[in-house]
Structures are given as structure tokens and as C-alpha cells.
Amino acid sequence: MSGLPKPGETLVIEASAGTGKTWRISELASRFIAERGTPVSQIAIVTFSAAAAAEVENRTRTRLQADAQAATGRTRSRLESALADFDLAPIMTTHGFCDRLLSQLGILADHDPTDTLATDLGDLATQACADHFLRLRRQGQLRFTFDQALAWVRAALFAPGAPVVPAGTDAARFTDAVRDLVEQRKRRAGVYTFDDMLTRCRDTVVDPVTGPPARARLAGLYPVVLVDEFQDTDTIQ
């Protein structure tokens, strides 16, 4: 690669495992620092797992050290400054990056910074499912069992915003209603999930009102974003 991507340009490199994606990411980070003077704190490197993030961090630090030793003048000074500030480098998982963005977006995001992370919504979802099931039974609107309903709800928790049953069916209406109920109860309880990190961040940047200022703020914070890997089966990611 001869030239770096221009501001606002997206570069996509498709490659399978073991073909040097992480090496290329660390090279790009070093070049943005050396050639454009981008501070290491403004180069976000995002990958899928915590282990992958640790590997990218190690590779990038090693690359900066090697390039600094080989460089001279202003280029060397830039790389050495990046090494001195390397602890500020935002190298993290997709979820970690979105969680950081939510805190940095402040009131632009539909997110309470005092909320705590909940890793298991099983009990909350089961109770919400039972409450809605009983409500429908009192209204005489049931054509399915509680076990069926609970299975739909549990599947929906692993696919936020995605249809888990055919649209327009009793199952779809039930699942959507319980999703809304779970969301209301999460808000009241002051908790959020890993999926919420993604959906709240996405909703903020695509919203017609909050989107433009949110995107401008993020572009100022991270003019360079290098995505090493993400879960391509997750449309939100």
C-alpha cells in the first residue's frame, strides 16, 4: 500500500485467518503517526475479542519501537512520542469501543452513565415473559404455550432488533412486546447489556437529530479507526 487512506475514506481489506491482517493494522497505525503526525490517542484499533485486542496492542507497540529505531528527525520524534503515550492508545474490543463512545457522547446518547452492566438477563426476561403471557391469557388471546413463548423470548435476547420468528405472527407480536417490556425494566433497574452497548451507540449516530453532532464529535476524537476484526454475522457490529 503506497498511500494512506484520505480523510473520510474507508479502506476494506478482506483476508482469512493467518494472512497478516494484524500485521497490516499495526503498520497502518505506525504510518499514520509517522507520516501524518496523528496522536496515538486518536487512532482507535477495534477487534473482536479481548485476546485479539491484547495481540494487536503488543504487535503495534513492537512495530512502533522498530520503526522508531529505524527513523530519523521528526519522524523518529513522532514515533517516540507515540511510544511514550502508548498507554493512551484506544485498542479494544467492539463492545469496549462502543461503551467508551457512549460515555464520550454524553447527553447525545440515550444512555445513563450511572447504569451498571448486567451479564445475565435470564430472570428478568423470564418474569417479563410470564407477566405478558398472563396478561394475554386473561384477555383470552393465547394460541401457544408458555414454554413456546419463553423459547421465543430467550432467542430474541441473543438477536436484539432482529426477527426471530416470521413477521406478523402471534409469536412475533409476543416477542416484540416482551422485548419492549424487558427494555423498560432494564431502564428502571439501571442496567444495560453488552448488546445495549452496540444498539445505543448505533441508534445515536444514525438518529436524524443526534447523529450529525455525534458523528462530528467522534470524528474529532478518533480521526483514524482501524477495525481488525468483527463478528460479521452480527449486523449491528
Side-chain angles (χ1 to χ4, degrees), residues 1-15 21-50 52-53 56-57 59-61 63-64 67 74-75 77-79 81-113 115 160-161 192 194-232 234-237:
M1 181 187 304
S2 56
L4 291 170
K6 299 178 178 62
E9 181 180 359
T10 299
L11 173 67
V12 179
I13 301 174
E14 294 189 31
K21 296 190 303 297
T22 303
W23 182 90
R24 180 65 70 186
I25 288 287
S26 63
E27 180 204 30
L28 285 169
S30 183
R31 288 186 60 190
F32 271 108
I33 292 166
E35 298 175 28
R36 293 195 183 163
T38 308
V40 70
S41 61
Q42 293 184 1
I43 301 176
I45 302 179
V46 184
T47 189
F48 178 59
S49 67
V56 173
E57 181 177 351
R59 293 270 189 98
T60 303
R61 188 193 298 269
R63 180 60 186 249
L64 290 174
D67 288 351
R74 186 171 67 169
T75 298
S77 178
R78 286 174 171 176
L79 292 166
S81 294
L83 284 167
D85 294 336
F86 195 74
D87 288 344
L88 302 178
I91 302 174
M92 60 201 78
T93 65
T94 306
H95 289 90
F97 185 54
C98 289
D99 201 32
R100 173 181 283 207
L101 297 186
L102 287 173
S103 65
Q104 292 174 323
L105 286 169
I107 61 173
L108 290 173
D110 182 19
H111 178 71
D112 188 335
D115 284 356
Y192 72 119
F194 285 108
D195 286 328
D196 290 329
M197 295 176 186
L198 304 181
T199 56
R200 292 180 186 183
C201 187
R202 175 204 59 188
D203 292 346
T204 300
V205 298
V206 302
D207 185 271
V209 176
T210 63
R215 293 194 296 271
R217 175 162 176 74
L218 297 181
L221 289 169
Y222 306 110
V224 178
V225 179
L226 305 174
V227 181
D228 180 44
E229 187 177 6
F230 63 96
Q231 190 174 19
D232 55 7
D234 186 331
T235 57
I236 298 175
Q237 287 192 31

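Since the model is a prediction, treat every value here as computed from it, not as a measurement.
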Tell me if a side-chain donor or acceptor on Ser26 pairs with a main-chain N or O of Trp23 at a distance below 3.5 Å.
yes

Kindly compute the distance separating CG (Leu102) from CZ (Phe97), expressed to the nearest 0.5 Å.
11.0 Å

Tightest non-hydrogen contact, residues Glu57 and Ile91, listed as CA-CD1, 3.8 Å

Is the shortest side-chain heavy-atom distance between Phe32 and Pro5 below 4.5 Å?
yes

Using a 3.5 Å cut-off and no angle test, enumerate the donor-acceptor pairs between side-chain atoms of residues 82-90 and protein atoms at least two apart in sequence or in another chain.
none

Sidechain-backbone polar pair: Thr93 side chain, Ala50 backbone, donor-acceptor under 3.5 Å:
no

Please report the interatomic distance NE2(His111) to CG(Asp99), rounded to the nearest 0.5 Å.
6.0 Å

Taking salt bridge (Lys or Arg N to Asp or Glu O under 4.0 Å) as the cut-off, I'd like each qualifying pair that reaches into residues 203-224, sequence neighbours left out, listed once.
none

Under 4.0 Å between a side-chain nitrogen and a carboxylate oxygen: does that hold for Arg200 and Asp115?
yes

For a quick test of reading the model, state the closest non-hydrogen atom pair linking Leu226 to Ala29 and the distance between them.
CD1-N, 3.9 Å

To the nearest 0.5 Å, how far apart are CE in Met92 and OG1 in Thr47?
12.0 Å

Nearest heavy-atom pair of Gly220 and Pro223: which atoms, and what distance?
O-CD, 3.9 Å

To the nearest 0.5 Å, what is the distance between CD1 (Ile33) and CG (Leu64)?
4.5 Å

At what distance, to the nearest 0.5 angstrom, does CD of Glu27 lie from CG of Asp67?
8.5 Å

Considering all heavy atoms of both residues, which atom of Tyr222 and which atom of Ala44 are nearest to each other, and what is their separation?
CD2-CB, 3.9 Å

When every non-hydrogen atom of His95 is compared with those of Phe194, the smallest separation belongs to CD2-O, 3.1 Å

Atom CE of Met197 and atom OH of Tyr192: how far apart are they, to the nearest 0.5 Å?
4.5 Å

Can you give me the closest heavy-atom contact between Leu221 and Gln42, atom names plus distance?
O-CG, 3.5 Å

